[in-house]
Structure formats: C-alpha cells, structure tokens
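Since the structure comes first, as structure tokens, the remarks are kept for the end.
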Amino acid sequence: MIWIFLISLAVGVYFICFKNHEVSAIVVIDAGHGGYDTGAINQNHGQEEKMITMEIAYKIGQAIKKLDPTIQVEFTRLDDTVSWPMDELEDLKARIQIANEAQADYFLSIHLNSSTNTDAYGYEGFIKAEDSFSSSVYEKIASSFEDLSYSQDRGLFTQTPLMVVHEQSIPSLLLEVGFISNDVELMKLDNERIQSALAQKIAQAYVEEIHKEKEAS
Ligand SMILES: [Zn+2]
C-alpha cells in the first residue's frame, strides 16, 4: 500500500514539476544598442534609441510570457549595461552568441529608425529571404499596427546585410519600430501606453505564428 502511495506521489510531483516547465519554444529578444552605444538620438529632445528599444523589448517579452507561459523568453540585455566589449563587431557577435547559447528558436531585434529627413516615419522589417516564419510574423505585426492606426508600413526587406539577421541559422527579424528622428513619432515611441500596445501586438504575432508552426509539425 505504502509503495503504491509513494509511486503515485512521485508521478504527481513529476507532472506538477515538469508539465508546468515544458518549454514549447525559446525566443531571444534583443534590445538594439545599449551601454557605450546610444544608437540614434533625437536632435531636438535628446532621447536615445538604446533606452526606448530596451523598454519595448522588455514589454514584448513580458507579453509573450503572459500569452503563453510555455514560451521561454531570453533577453540580450535588460538594462543599460552590456556584457560585451565596446566594439561594434564584438557587440553584434555577442548578441548572436546569446541566441546560440540559449538554443533559441527565434530571434527578434528591436531598433528605431533615424533619418536626416525629420519627416520620415513608419516601421519596417529585415529578414533573410528564405525566412517564411519571420515574414508571416512581420505581416501580422504590420496589419495589427494598422488596426492601432500606428504610423505606416514601409515594408519588409531581405537584401540588407545585417549581422543579427543574416548570420543566424534561426528565423530572425530586425524590426525598426519607428523613427526616433521624427518628433511626432518619437512622442508615440516614448509613450509607455503606446509602447505596451505595440509590444502586445508584436507578442501576439509571435505567439500565433509559433502556435501555427507547432500545429503544423
Ligand atoms: Zn538601431
């Protein structure tokens, strides 16, 4: 009797411990720039790209975990300190290394655009040509940003050589969420409520596409 009880207990504990920790996918979210590298700076107000990408990246990660706790989220950085040397090449290599070490399934890099034409606005994405997963994610993001009446879709590009996209074997999307150089767009990008709304849409796009891919496999 005692053995049956102990075995049942062990099975129960096993299911509670391992079922809840089942990882369906690993997503690495990369907040562009950081530390020594400010990224682009708004010339009128001084906001730095690295601070806004950090806020948006964190919010996306939290939203993904909330939508599906079986999706594991890792970040290349969570604050303004970086774990890599002050060197642009080493910097990018380190971000890819973090994804490799995490054995990530998907990589998302968050950036803000900048132009000498301060009227330029909109969001755009960069992927590898053969990356149909990230392409579908981007389409979902673009259409849900439209529902929010947030800015304009500038398109998805496959030919721009970007290390964090092209030197990864996993699906990788670099998303330029908007233009920090445009004062009107910056007001949105720097607004916590709008950051959360955009992050929620990005998270939804990932979770839906991950579920779709899991169902197909
Ligand atoms: Zn950037």
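Both counts, for ligands and for their atoms, begin at 1 and track the order of listing. Note: hydrogens, waters and symmetry copies are ignored here, and every other heavy atom, side chains too, is used. What you see is a predicted model, and the numbers here were worked out from it, not measured in a lab.
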Could you tell me how the ring of Y150 sits relative to the ring of Y123: parallel (under 30°), tilted (30 to 60°) or perpendicular (over 60°)?
-> parallel
Identify which protein N/O/S atoms are less than 2.8 Å from the Zn ion (ligand 1).
-> H33 NE2, E49 OE2, H111 ND1
salt_bridge(E215, K212) N-O dist < 4.0 Å |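 Salt bridge: no.
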Salt bridge check: are D37 and K50 linked by an N-O gap of less than 4.0 Å?
->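 Looking at K50 together with D37, the answer is no, because their closest N to O distance does not fall below 4.0 Å.
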Going by atom types only, do T81 and D79 share a side-chain donor-acceptor pair under 3.5 Å?
->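 There is such a pair between these side chains.
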Can a donor-acceptor pair be found between the side chains of Y36 and D87 at a distance below 3.5 Å?
-> no
Does the ring centre of F126 sit less than 6.0 Å away from the ring centre of F157?
->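 They qualify: ring centres under 6.0 Å apart.
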